[in-house]
2 protein chains.
Amino acid sequence: MNQETSPAAAPPDDETALRRTPSQKRSRERVGQILACATALIQEKGSDAMRMSEVAEKAGISIGSLYQYFPDKAAIVRTLAERYNAVCNECIAAELAKVTSLAELREAFAVLFDIYYDMFLAEPVMRDIWSAMQADKALREIDLQQSRAGGQLLADVWARFVPDTPRETIDSAAFLIMHLGDCTMRLAVSVDRAEGDQIVEAYKRMILRDFVADGPGGGASLIDISGVRS
Amino acid sequence: MNQETSPAAAPPDDETALRRTPSQKRSRERVGQILACATALIQEKGSDAMRMSEVAEKAGISIGSLYQYFPDKAAIVRTLAERYNAVCNECIAAELAKVTSLAELREAFAVLFDIYYDMFLAEPVMRDIWSAMQADKALREIDLQQSRAGGQLLADVWARFVPDTPRETIDSAAFLIMHLGDCTMRLAVSVDRAEGDQIVEAYKRMILRDFVADGPGGGASLIDISGVRS
DNA sequence: CTACAAACATGAGCATCTCTCACATTTGCA
DNA sequence: TGCAAATGTGAGAGATGCTCATGTTTGTAG
């Protein structure tokens, strides 16, 4: 029969990632143990170099047991990713809950991105999971090189029209515009065509607004937010 | 001795990707042949599912010959990526060369992104190389799901303050803001700390400018570009 | 024309890693 | 205590990237 009449039939984490919903206490502990060992190994050598045999060994179980809980290696990484996402979601919801005006929305977002950045900096495993999502490191380098090259072209032209803006500011803004342009395209072609079109248009609007003259209320990505009417 | 006194000692493509610079006509043809076969296979089944044995078979050569030219599988993909980048670079340079004012810069960028988007839509192999750079498809889905969830939270709050802006516009802008936020963080933590800080700040400036009230000259990502002073 | 060295070609098989499966052991209730 | 379900085990199947010892072709020097 079934065993241990678990307090709630709710699966401990999420339903699709685990191959078999653990019903005994021992196995529920092991899921946590596996994830902890995987986290340690990813921190140590990266998710790509993490071997399933190592996870099993470190967790003190056999390969077979490991595969009893997780259908494949990617499922372990996915589970960790979802845990990090859950934390992020709480942060976002908490910050947005306080907002009662556009000014506060701006403030909340500034805070949110700082928190997010700090999380990325502080959590090497989170970083690895999302960055090593890129299969090939050299390919990523080529990608960034392309953004830098395009950014350079843009910055050279842009700088001519905003002489009062520090070149450093223009450079990083131009680099970012190019890189996020790539990201936008990859996003746009991965959803249906209608939404993709909308996304590309949204990005253009977002970026084109940067190309305004120097001066009060203007300037390359330097507009004084506090002065915007809301 | 050396053979065929090649017209210029310049390597045909790039120096690091090829294991051995081909000096005979036959082998130079083979490099092109390999890349063409790889392209066809990627188009057919994706770069991840492309097998080196298949590439060799389709090109009518042995595995050993394949590895004589390309040090590993990733090198083939990288070479293709660099070719696509070269095409993009030409487009960017060509569009930016004409620019003589901020208004023209805006126009050039709008055109550029449309061209870029069309290229992505038209070139499945280019799309695959950069999108399948993401190792795990399910992980990518989780990532997008997170952006959608965050975007929903944002859109709900945002919409309260810009009642005249169509909800659809807000939704895609919010989704994009969240997704590009992720992209920005991943970029920021992959460069040195000082540049990372600048990039995060640049993104915040870029985004916060979106949160302005409805009306002439304002509105959620709908500011009338043509009206901006330049 | 021939000989020779360098360039190029070959494919069996090595190394590595993920994941399976048939079987053993443990758990908790009846 | 017995029994069925749950859990544990690890040898090895299967797949694939890549190597290396050896054979073949190419172009030039003598």
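Below, read A as the first sequence line, B as the second, and so on, with proteins coming before strands; counting in each chain starts at 1.
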Quantify the bending of the helix from C/dC1-D/dG30 to C/dA30-D/dT1 as the angle between its end axes, each fitted on five pairs, to 10°.
-> 10°
What residues, two or more places apart in sequence or in another chain, satisfy side-chain contact (heavy atoms from CB on, under 4.5 Å) together with A/Glu168?
-> B/Gln198
Whole-Å distance between C/dC21 P and A/Gln68 CD?
-> 13 Å
Do NZ/NE/NH1/NH2 and the carboxylate oxygens of A/Lys45 and A/Asp128 come within less than 4.0 Å?
-> no
Just to confirm, is there a sub-4.0 Å distance from OP1 or OP2 of C/dG11 to any side-chain nitrogen or oxygen of B/Ser62?
-> no
Kindly indicate whether a cation-pi arrangement holds for B/Arg30 with B/Tyr69, taking the cut-offs as under 6.0 Å to the six-membered ring centre and within 45° of the axis.
-> no
Spacing of A/Arg30 atom CZ relative to D/dA6 atom C1', expressed in whole Å = 13 Å
Length of the CZ-P vector between A/Phe70 and C/dC19, whole Å = 13 Å
Atom-to-atom span, CG of A/Leu66 to P of C/dC21 - whole angstrom | 16 Å
Calculate, to the nearest 0.5 Å, the distance between atoms CD and CD1 belonging to A/Gln152 and B/Ile92 respectively.
-> 12.5 Å
A/Tyr69 OH - D/dA6 P separation (whole Å) = 12 Å
Quick one, give me the B/S/- string for nucleotides 17-24 of chain D, reading 5' to 3', where B means a protein heavy atom under 4.0 Å from the base and S means that only happens at the primed atoms, P, OP1 or OP2.
-> SBB-----
B/Tyr67 side chain vs B/Asp72 backbone, donor-acceptor pair below 3.5 Å = no
